[in-house]
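First comes the structure, then the notes that go with it.
Heavy-atom basis, side chains included; hydrogens, waters and symmetry copies ignored.
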Amino acid sequence: MGEGAERRVLLCVAGLTPQIITESLYVLMVERGERVDEVRVITTLGGRRRIEELLLKPESGKFFEFCREYGFDPASVHFDEMTVELLRRPGGVALEDIRTVEENVYAGDQICEVVRGLTADAGVRLHASAAGGRKTMGIYLTAAMQLFGRAQDCLSHVLVNEDFETHPDFFYKPRVPRTLRTRDGREVSTASAEIYLADIPFIRLRGLGAGWPGGDAGSYGELVRRTQEDLDLAESAQEMRLDTAARSVTVADRSVHLPPREFFYYLLFIHLRRSGRGQGGFVALGEIRREDLEAVFRVVTAAEGRERGLEEYELVAGYDFVGDLSGWVGLSYVAPEFETTFREVKSKIKRRFGEAGLRERYVITTRGRRGDSRYGIRFPPEHVRVV
């Protein structure tokens with residue numbers, strides 16, 4: 001993996017049939033030609049024993065056999081005892097299995113926390129497989145992906161045709177066909193085996209509440225409750241109100257007050273969103289023009305008693321930053337100082353909105369990849385009122 005490249009992680013929930021791990025690797029690495037840098041597995045004590053016995057022995061383990069057969073360096077895929085996550089009770093005792101209501105609650109909380117941690121890393125691209133383990137494990141993994149999954153993350157379920165599904169000797173489709181005996185005594189060739197990774201579309205709720213980066217951790221049930229509250233807020237909130245005199249942003253019963261610089265930047269991106277500039281209101285920093293600053297400055301100064309143009313910025317207390325900002329826009333390149341300052345202000349706005357319970361839908365967000373980033377506010381411009 002080259003410097004700066006994203007780390008591709010396959011996350012599986014598994015029980016006593018670890019075949020789903022190598023079957024998933026086969027489809028991803030052989031059939032799709034994708035790179036997998038790490039395999040993370042969430043399982044029980046019984047599941048870990050099966051993984052170590054059947055997959056991770058260097059001489060006979062099916063993971064190493066798969067790599068040798070298809071010419072992959074096993075060292076290029078981080079998969080060992082350290083990447084196998086054991087489900088535990090609150091006191092730290094590992095679960096042998098998941099049988100009780102309480103054990104299901106523990107599993108849900110831990111699965112949620114593992115997904116939360118992986119998706120908090122901007123350098124990780126997560127592929128989650130919900131095929132293994134107890135059914136509730138797959139359900140919790142799917143729910144966690146809905147809470148925390150990002151645009152680059154995906155969810156799937158591995159499917160194998162009936163003769164080979166959960167067959168104790170079938171772990172992937174070998175390069176040279178082999179003959180296996182089915183439970184009913186028939187002989188079948190692995191040449192007829194079919195393995196599919198069925199991609200599962202899921203609704204991404206990240207940014208509404210539980211998935212908010214940097215937010216307080218909580219149990220699975222608490223995260224669901226908080227996210228539902230924010231969904232209710234999003235559904236009921238028909239208007240965003242910007243009070244230029246108070247420098248406040250209000251949605252429903254939640255308000256955030258911003259210092260002059262942060263409010264100016266926020267109002268600038270509201271202006272760009274409402275004017276439809278760029279790609280649906282999302283602009284690159286180099287596309288911001290002096291006349292955009294002029295329009296916003298006149299709005300904020302009018303709210304303070306007298307409308308002024310940019311040339312009079314020194315006469316308005318708290319707006320010294322406008323001098324630098326007006327010198328940075330309209331250039332043939334993006335000034336490094338502009339980009340650095342913008343990122344700092346954007347981060348502060350995001351933090352203040354998060355503290356007020358206003359989530360990603362309302363802040364200045366990013367679209368596109370590094371080097372081609374565009375910025376804007378997702379909230380519908382027709383529901384924004386500036387007073």
Exercise. Can you name the residues that form a side-chain contact (heavy atoms from CB on, under 4.5 Å) with R181, not counting sequence neighbours?
Worked result: E187

Exercise. Can you tell which of K350, R247, R352 makes a salt bridge (charged side-chain N to carboxylate O under 4.0 Å, His left out) with E262?
Worked result: R352

Seminar exercise, completed: Closest heavy-atom pair, T190 versus P177, reported as atoms and distance to 0.1 Å, is OG1-CA, 3.3 Å

Exercise. Do we see a donor-acceptor contact under 3.5 Å between the side chains of N104 and T136?
Worked result: yes

For this session: Would you mind checking if R8 and E38 are paired as a salt bridge, meaning a charged N to carboxylate O distance below 4.0 Å?
Result: no

Seminar exercise, completed: Residue set satisfying salt bridge (charged side-chain N to carboxylate O under 4.0 Å, His left out) with E304, at least two apart, ordered chain then number -> none

For this session: Any chance you could measure L16, atom CG, to R49, atom CZ, to the nearest 0.5 Å?
Result: 9.0 Å

Exercise. In terms of the angle between their ring planes, are F338 and F342 parallel, tilted or perpendicular, with boundaries placed at 30° and 60°?
Worked result: perpendicular

Exercise. Is D37 salt-bridged to R35, cutoff N-O under 4.0 Å?
Worked result: yes

For this session: Could you tell me whether a side-chain N or O of S76 sits under 3.5 Å from a main-chain N or O of D73, the two making a donor and an acceptor?
Result: yes

For this session: Taking only Lys NZ, Arg NE, NH1 and NH2, and the carboxylate oxygens of Asp or Glu, determine whether D169 and R178 approach each other closer than 4.0 Å.
Result: no

Seminar exercise, completed: From the list F269, Y375, W328, side chain to side chain contact (heavy atoms under 4.5 Å, CB included) with I288 holds only for F269

For this session: Report the relative orientation of the aromatic rings in F170 and F164; use parallel for angles under 30°, tilted for 30 to 60°, perpendicular for over 60°.
Result: tilted

For this session: Please determine if R343 and E339 form a salt bridge, counting it only when a charged side-chain N lies under 4.0 Å from a carboxylate O.
Result: yes

Problem set entry | R367 charged N/C atom sitting above F282 aromatic ring, 6.0 Å / 45° | yes

Exercise. Under 3.5 Å, is there a donor-acceptor pair linking the side chains of H157 and S129?
Worked result: no

For this session: May I ask you to decide if the ring planes of F379 and H383 are parallel, tilted or perpendicular, using 30° and 60° as cut-offs?
Result: perpendicular

Exercise. Going by an N to O cut-off under 4.0 Å, is there a salt bridge joining E31 and K173?
Worked result: no

Indicate every side-chain donor-acceptor pair of residues 39-46 with a distance under 3.5 Å to a residue at least two apart or in another chain.
from	atom 1	to	atom 2	distance (Å)
T43	OG1	A14	O	2.7
T44	OG1	G47	N	3.3
T44	OG1	E96	O	3.4

Problem set entry | Side-chain donor-acceptor contact under 3.5 Å, E69 with Y172 | yes

For this session: Please round to the nearest 0.5 Å and tell me the distance separating atom CZ of F171 and atom OG1 of T22.
Result: 6.0 Å

Exercise. Within the side chain of T301, is there an N or O that forms a donor-acceptor pair under 3.5 Å with the backbone of R308?
Worked result: yes

Exercise. With a cut-off of under 6.0 Å to the ring centre and 45° to the axis, is R351 in cation-pi contact with F353?
Worked result: no

Problem set entry | CD1 on I377 to CZ on R273, rounded to 0.5 Å | 8.5 Å

Problem set entry | Note: E65-K62 ion pair, threshold 4.0 Å (strictly below) | yes

Exercise. Is the number of heavy atoms from other residues, nucleotides or ligands within 6.0 Å of CD (E162) greater than 12?
Worked result: no

For this session: For the residue pair F72 and F66, categorise the inter-ring angle as parallel (less than 30°), tilted (30 to 60°) or perpendicular (more than 60°).
Result: tilted

For this session: Could you tell me which non-hydrogen atom of G133 sits nearest to which non-hydrogen atom of M137, and how far apart they are?
Result: CA-SD, 3.9 Å

Exercise. Checking side chain to side chain contact (heavy atoms under 4.5 Å, CB included) against F263, which of I349, V296, D243, T244 comes through?
Worked result: T244

Exercise. Do NZ/NE/NH1/NH2 and the carboxylate oxygens of R289 and E291 come within less than 4.0 Å?
Worked result: yes

Problem set entry | Cluster link F79 to L118, ILVMFWY, side chain under 4.5 Å | no

Exercise. Between the side chains of E311 and Y313, does any donor sit under 3.5 Å from an acceptor?
Worked result: no

Problem set entry | same_hphob_cluster(V384, L358) at 4.5 Å side-chain heavy-atom cutoff | yes

Problem set entry | Heavy-atom closest contact (V124 atom, Q152 atom, distance) | O-NE2, 3.9 Å

Seminar exercise, completed: The reported gap from OG1 in T142 to CE in M145 (rounded to nearest 0.5 angstrom) is 8.5 Å

Exercise. For R150, does its backbone N or O pair with a side-chain atom of D153 as donor and acceptor, under 3.5 Å?
Worked result: yes

Exercise. Can F264 be reached from L285 by stepping across I, L, V, M, F, W or Y side chains whose heavy atoms are under 4.5 Å apart?
Worked result: yes

For this session: Determine, using the 4.5 Å side-chain heavy-atom cutoff (strictly less than), whether V36 and L11 are members of one ILVMFWY cluster.
Result: no

Exercise. Taking a hydrophobic cluster as the set of Ile, Leu, Val, Met, Phe, Trp and Tyr residues connected by side-chain heavy atoms closer than 4.5 Å, whether directly or through intermediates, do I51 and L95 fall within one such cluster?
Worked result: no

Exercise. For the residue pair S326 and V329, what are the closest heavy atoms and their distance?
Worked result: O-CG2, 3.7 Å

Problem set entry | Salt bridge present between K348 and E344 (N-O < 4.0 angstrom) | no

